[in-house]
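Okay, structure first, notes after.
Order of listing sets the numbers, starting from 1, for every ligand and every atom in it. Not measured: the values here are computed from a predicted model.
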Amino acid sequence: MASLWVLMALAASLSSSVRCVQIYSLDGQWEAYETNVGYKFEANVPGGAYTDLMNVGIIQDVFFGYNDNSSRWVGYNNWSYTKIFDVTSAQLGHNQVNLVFEGLDTFAEIIVNDVSVGTASNMFVRHIFDVREVLQAGTNNITVFFENPVEVGQRLYNEQVQQYRIPPECPDEAYRGECHVNMLRKMQASFSWDWGPAFPSVGIWKSVYLELYDLSAIRYVLTDVVEKDENTWSLKINTYFAGNDENIVRGTLNYSLTVEDGTIAESTLFAAKADQYGEITFDMTSLDVPKDKVKLWWPNEYGSQPLYELVVRYGSVQEDTVDEKRVKIGFRTVELVQDDLDNGATFYLKVNGVPIFAKGSNEIPINILPELGQDKKTIRNLMESSRDVHMNMLRVWGGGVYESDYFYEVADELGIMIWQDFMFACALYPVGEDYLESVKAEVNHNVKRIYSHPSIVVYSGNNENEGALVDSWYNTNDNYDLYKRDYVKLYIDTIKTEFDRITDGRGIFVSSSPSNGKETETEGWVSKTPGSSIYGDVHYYNYVLDPWSSTTYPVPRFCSEYGYQSLPFEATWRTATNDSADLDINSAFMDYRQHHPQGNDQMQDLILQKLNIPSKDSQFYTSAFIYLSQVLYSQAIRVETEHYRRYRSYLNDAGEGYTMGALYWQLNDVWVAPTWSSIDYTGRWKMLHYLARDMFSPIIVTAHIGYNRNLQLYTVNDELESVQATLVSKVFKYDSADFKPISETRTDLTLNAAASQLIEEFNIDDHLTSLNCGDQGSADQNCFYHFVLEKDGDVFSPQNYLFPGKLKDSNLPLSTVKATSISEAGTNTFDIVISSDNIAIFVWLDVDQIQGRFSHNGFLLVESSKTVSFSSEQSITLQELQEALTVTHLKDPRWL
Ligand SMILES: *[C@@H]1O[C@H](CO)[C@@H](O)[C@H](O)[C@H]1NC(C)=O
Ligand SMILES: *[C@@H]1O[C@H](CO)[C@@H](O)[C@H](O)[C@H]1NC(C)=O
Ligand SMILES: *[C@@H]1O[C@H](CO)[C@@H](O)[C@H](O)[C@H]1NC(C)=O
Ligand SMILES: *[C@@H]1O[C@H](CO)[C@@H](O)[C@H](O)[C@H]1NC(C)=O
Ligand SMILES: *[C@@H]1O[C@H](CO)[C@@H](O)[C@H](O)[C@H]1NC(C)=O
């Protein structure tokens with residue numbers, strides 16, 4: 001296509017002085033008003049009605065107390081945003097004058113100088129309005145009128161239901177949410193979820209600006225790294241241009257890639273005209289990059305994450321620069337491997353030819369108010385916290401938003417692979433023509449925006465919608481064929497088709513999470529058994545069976561969601577209430593924040609299966625409940641995660657196994673509440689996050705009790721080289737006052753590269769009786785196992801342990817555990833010596849409102865003292881730390 005137009009381009013000598021693309025920001029101060037009560041106030045863009053109203057004090061902090069409820073009216077009203085600004089005649093002298101909104105949430109009409117220039121109905125797309133004819137030299141104004149999304153949802157549903165219903169109509173009552181969010185192309189969680197409040201937000205949630213140009217502008221640069229041959233990368237570069245009057249763009253394109261010892265540059269004359277999709281794109285087939293000029297990009301802990309800057313410069317025929325875009329390139333290959341097995345198929349990622357066990361979690365929106373979801377500090381803290389506990393993958397869950405550029409930049413930088421859902425979750429969705437057009441635009445914009453990030457390795461059509469359909473969550477079976485047709489129309493015919501077109505068929509796409517991968521496709525995109533363990537990925541939740549037994553859990557190829565709820569710590573609760581009566585698990589407030597149906601009962605029943613809860617009359621009842629909920633869920637997720645890791649190299653008799661992924665639910669929070677998170681809303685690590693560092697450690701020793709009370713001891717080595725190690729297995733009596741094990745064995749092992757290995761197996765009760773732990777009936781209550789791996793005499797694995805019987809019936813004595821010394825080890829870093837008079841289990845250090853991280857927490861103390869270090873985020877004195885520090889453990893004498 002290019003060459004013909006090149007000639008035309010050369011023939012046409014346009015203006016002699018070409019101006020480059022200019023951007024005039026319209027961010028900052030706007031004026032907002034509400035049409036019913038008549039509130040009028042200063043607003044900030046990017047922003048949103050809730051944030052603006054908080055800033056001017058019309059509503060209180062919506063994350064505090066019941067303020068989400070008392071500010072719900074915000075989402076029931078219409079809001080207008082106005083800005084008055086000046087434009088010069090020189091600015092209007094450009095051929096093209098556009099008003100660009102990077103994001104509008106959600107139903108809006110845009111009026112410039114009393115002229116309606118367009119409407120919006122999808123918060124995930126960028127809107128570009130041609131305003132050249134509407135603007136005038138001098139003073140101008142823009143008004144964005146937002147219609148409240150709750151009313152729109154209802155209206156769209158009323159229209160839809162004339163034909164047939166698209167469920168669910170409303171969320172479960174326990175969510176305290178709003179209805180019909182599935183009718184809207186808006187963050188699905190903004191009408192509530194089982195871990196979050198309803199904020200039916202409106203606003204200009206991303207930047208807005210005027211864009212001026214004469215010839216064209218670069219809209220997107222989409223790159224892809226493909227292996228050309230043994231020695232060469234082919235860097236595919238697609239440059240997408242903005243339209244102009246002729247819908248033809250010509251000029252020069254210069255590419256320059258900074259590599260290890262210089263730059264690789266190419267220059268080309270080009271011309272492109274709008275194609276059948278209305279896109280003006282120039283596909284340079286590729287920039288050849290010798291492999292020895294760049295280093296590979298690796299997931300966290302497999303290598304480094306070098307990024308090379310590509311500059312794409314677009315110039316006029318006279319070669320004056322018109323526009324420029326910069327993209328950070330990571331050189332890596334990714335495959336989703338689905339090789340046939342006797343029963344089913346594998347499902348795992350290979351990066352640079354290396355099979356990767358995906359370890360990580362699921363990310364829910366950075367903030368439930370979308371305008372606050374781009375906060376760099378929060379994003380960095382979550383990403384670094386993920387890296388620091390050996391995670392290599394996060395799934396961006398389909399009920400939130402396509403995250404900010406910064407989010408993916410940090411993922412690139414830290415080697416956190418991203419599983420990216422498209423934004424559809426736990427519902428059926430409309431398939432009207434307008435709706436599908438809108439979805440197509442959403443896919444188009446976001447894929448072009450984010451695809452070049454090396455961290456993003458898989459795209460998934462939706463969250464759990466295949467399961468919702470097949471298992472008739474919303475009573476749709478009567479009309480199954482219709483809903484199945486709709487399902488295929490949306491996720492395959494629309495989303496996958498557009499995705500494949502943009503990525504030239506190279507992008508990795510699965511139709512849903514969970515799905516059966518290629519088997520789903522074979523079955524016509526809706527599988528009879530979407531939860532199958534022998535194909536694709538699985539989500540698994542169970543709040544009834546023994547949470548600490550591996551036999552509770554499935555043996556999938558890849559577990560992309562699993563989890564349990566817990567309560568955040570009191571210091572965190574106190575950021576959401578000032579009323580001490582609220583800090584009671586049975587208070588109306590804590591109940592109000594529990595959005596999961598029967599959530600507190602489930603937590604209590606699970607705790608009581610394994611542990612004792614102090615009497616309700618105890619003044620420590622709630623603090624103990626909080627602590628116990630965190631013990632319960634963190635151990636459950638540790639057990640489940642280690643179970644998946646043990647299956648890395650094994651198949652069971654049913655052909656299940658070769659598990660290659662464990663992403664627990666959920667990483668973060670959007671408010672202070674009982675949820676599945678490992679990092680709470682204040683950024684504080686809950687017990688699970690400390691445990692995650694152990695369970696995701698590249699090399700672990702892990703034991704479980706399989707069928708017939710057999711203890712199976714495994715090692716798992718994710719590293720790419722085999723490792724020599726000494727396994728140190730100890731058996732302790734719970735009440736061994738001298739911390740001396742009653743048995744200690746040392747075994748030299750070779751841990752195979754990238755493999756799990758069964759090291760030994762024996763009957764636990766026979767073993768314990770032979771060690772004089774007691775008779776067959778009581779031995780498992782007197783003794784427990786403790787394991788580490790040593791190399792050259794040094795422990796190099798996390799400690800691990802196995803409780804052979806029920807901990808609540810065990811002979812664990814009351815111990816006095818305390819901090820016996822605290823000393824300054826550096827700036828805002830302290831060494832804390834924890835001492836005990838007996839073995840102590842799940843020792844938890846709490847520093848109240850002080851934010852920071854411990855080197856260890858939630859650990860077993862099998863020695864009389866242990867030094868733990870603490871680094872504070874804020875500047876604190878030794879005395880402040882001393883006063884804030886409390887130590888708790890399973891047999892805390894204060895409660896019992
Ligand atoms: C929530 O707000 C509604 C309407 O103002 C009110 O009736 C209800 O009592 C509130 N609920 C709580 C828990 O405060
Ligand atoms: C919001 O605007 C729509 C469209 O103009 C109107 O029909 C509706 O009544 C308004 N709602 C409120 C609460 O003002
Ligand atoms: C916006 O501009 C139009 C056209 O000049 C004018 O009629 C209108 O009053 C202006 N509105 C505001 C809020 O300034
Ligand atoms: C492209 O590169 C050529 C050769 O180095 C240079 O003359 C020209 O100015 C460049 N054009 C742009 C738009 O950067
Ligand atoms: C809660 O108490 C703190 C400290 O006394 C105070 O600064 C804050 O304003 C209070 N918040 C509310 C919403 O009452």
Side-chain angles (χ1 to χ4, degrees), residues 6 9 14 17-21 26 29-43 49 71-87 92 99 106-117 119-121 131 133-156 158-159 178 184 200 202 213-218 221 237 239 241 249-257 262-271 282 284 287 309-326:
V6 166
L14 294 167
S17 84
V18 170
R19 292 166 294 184
C20 55
V21 176
L26 297 172
Q29 199 180 319
W30 286 53
E31 178 124 310
Y33 69 95
E34 181 279 326
T35 43
N36 282 331
V37 183
Y39 289 119
K40 208 171 176 126
F41 51 91
E42 201 175 285
S71 62
R72 189 73 65 86
W73 61 271
V74 174
Y76 301 152
N77 280 325
N78 297 330
W79 301 87
S80 270
Y81 281 76
T82 297
K83 182 159 186 101
I84 297 175
F85 60 101
D86 287 331
V87 174
L92 291 179
L99 173 60
T106 292
F107 292 89
E109 181 172 10
I110 296 86
I111 297 152
V112 178
N113 296 335
D114 289 348
V115 178
S116 174
V117 298
T119 59
S121 56
V131 291
E133 300 306 321
V134 184
L135 293 180
Q136 61 212 18
T139 304
N140 292 267
N141 61 64
I142 309 175
T143 293
V144 183
F145 172 79
F146 288 99
E147 195 177 352
N148 85 69
V150 177
E151 269 179 16
V152 178
Q154 183 66 55
R155 192 175 69 226
L156 293 175
N158 293 348
E159 287 165 15
E178 298 296 336
L184 315 176
V202 297
Y213 58 84
D214 293 315
L215 302 176
S216 182
I218 300 177
V221 171
I237 308 167
T239 310
F241 292 95
V249 179
R250 53 200 140 209
T252 59
L253 266 174
N254 287 5
Y255 306 92
S256 135
L257 178 76
T263 56
I264 294 175
E266 255 185 66
S267 180
T268 181
L269 273 169
F270 81 103
F282 184 72
M284 200 197 85
L287 195 62
E309 190 172 66
L310 170 73
V311 182
V312 177
R313 214 166 270 144
Y314 154 51
S316 70
V317 178
Q318 289 81 10
E319 297 195 337
D320 318 322
T321 299
V322 176
D323 202 3
E324 173 184 298
K325 282 270 178 305
R326 286 162 190 266

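With ligand atoms numbered from 1 in the order given, ligand 4 contributes 12 (C), 13 (C), 14 (O) to contacts under 4.0 Å with heavy atoms of Thr321. Against a heavy-atom cut-off of under 4.0 Å, Arg313 is close to the following atoms of ligand 4: 14 (O). Less than 4.0 angstrom separates some heavy atom of Gly315 from each of these atoms of ligand 4: 13 (C). Listed by number with element, the atoms of ligand 3 under 4.0 angstrom from any heavy atom of Asp114 are 3 (C), 6 (C), 7 (O), 8 (C).
Ring planes of Tyr39 and Trp73: tilted class, angle from 30 to 60°. Below 30°, between 30° and 60°, or above 60°: for Phe282 and Phe270 the angle between ring planes is between 30° and 60°, a tilted geometry.
Heavy atoms of Asn141 found under 4.0 angstrom from ligand 3 belong exclusively to the side chain.
For the residue pair Thr82/Glu31, the side-chain donor-acceptor check at 3.5 Å is not satisfied. If you check the side chains of Asn77 and Asn36, you find a donor sitting under 3.5 Å from an acceptor.
In this structure, Glu178 pairs ionically with Arg72, as a charged nitrogen and a carboxylate oxygen lie closer than 4.0 Å. Salt bridge Arg313/Glu319: absent, no basic N to carboxylate O contact under 4.0 Å.
Residues satisfying the salt bridge (charged side-chain N to carboxylate O under 4.0 Å, His left out) criterion with Glu42, sequence neighbours excluded, are absent altogether.
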Please tabulate, one line per pair, the protein N or O atoms found under 3.5 Å from any N or O atom of ligand 2, giving the distance to one decimal.
{"unit_1": "ligand 2", "atom_1": "2 (O)", "unit_2": "Asn78", "atom_2": "ND2", "d": "2.3"}
{"unit_1": "ligand 2", "atom_1": "11 (N)", "unit_2": "Asn78", "atom_2": "ND2", "d": "2.9"}
{"unit_1": "ligand 2", "atom_1": "11 (N)", "unit_2": "Glu151", "atom_2": "OE1", "d": "3.2"}
{"unit_1": "ligand 2", "atom_1": "11 (N)", "unit_2": "Glu151", "atom_2": "OE2", "d": "3.2"}
{"unit_1": "ligand 2", "atom_1": "14 (O)", "unit_2": "Asn36", "atom_2": "ND2", "d": "3.3"}
{"unit_1": "ligand 2", "atom_1": "14 (O)", "unit_2": "Asn78", "atom_2": "ND2", "d": "3.2"}

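Contact detail for Asp86 and Thr139: the closest heavy-atom pair is OD1-OG1, 3.2 Å.
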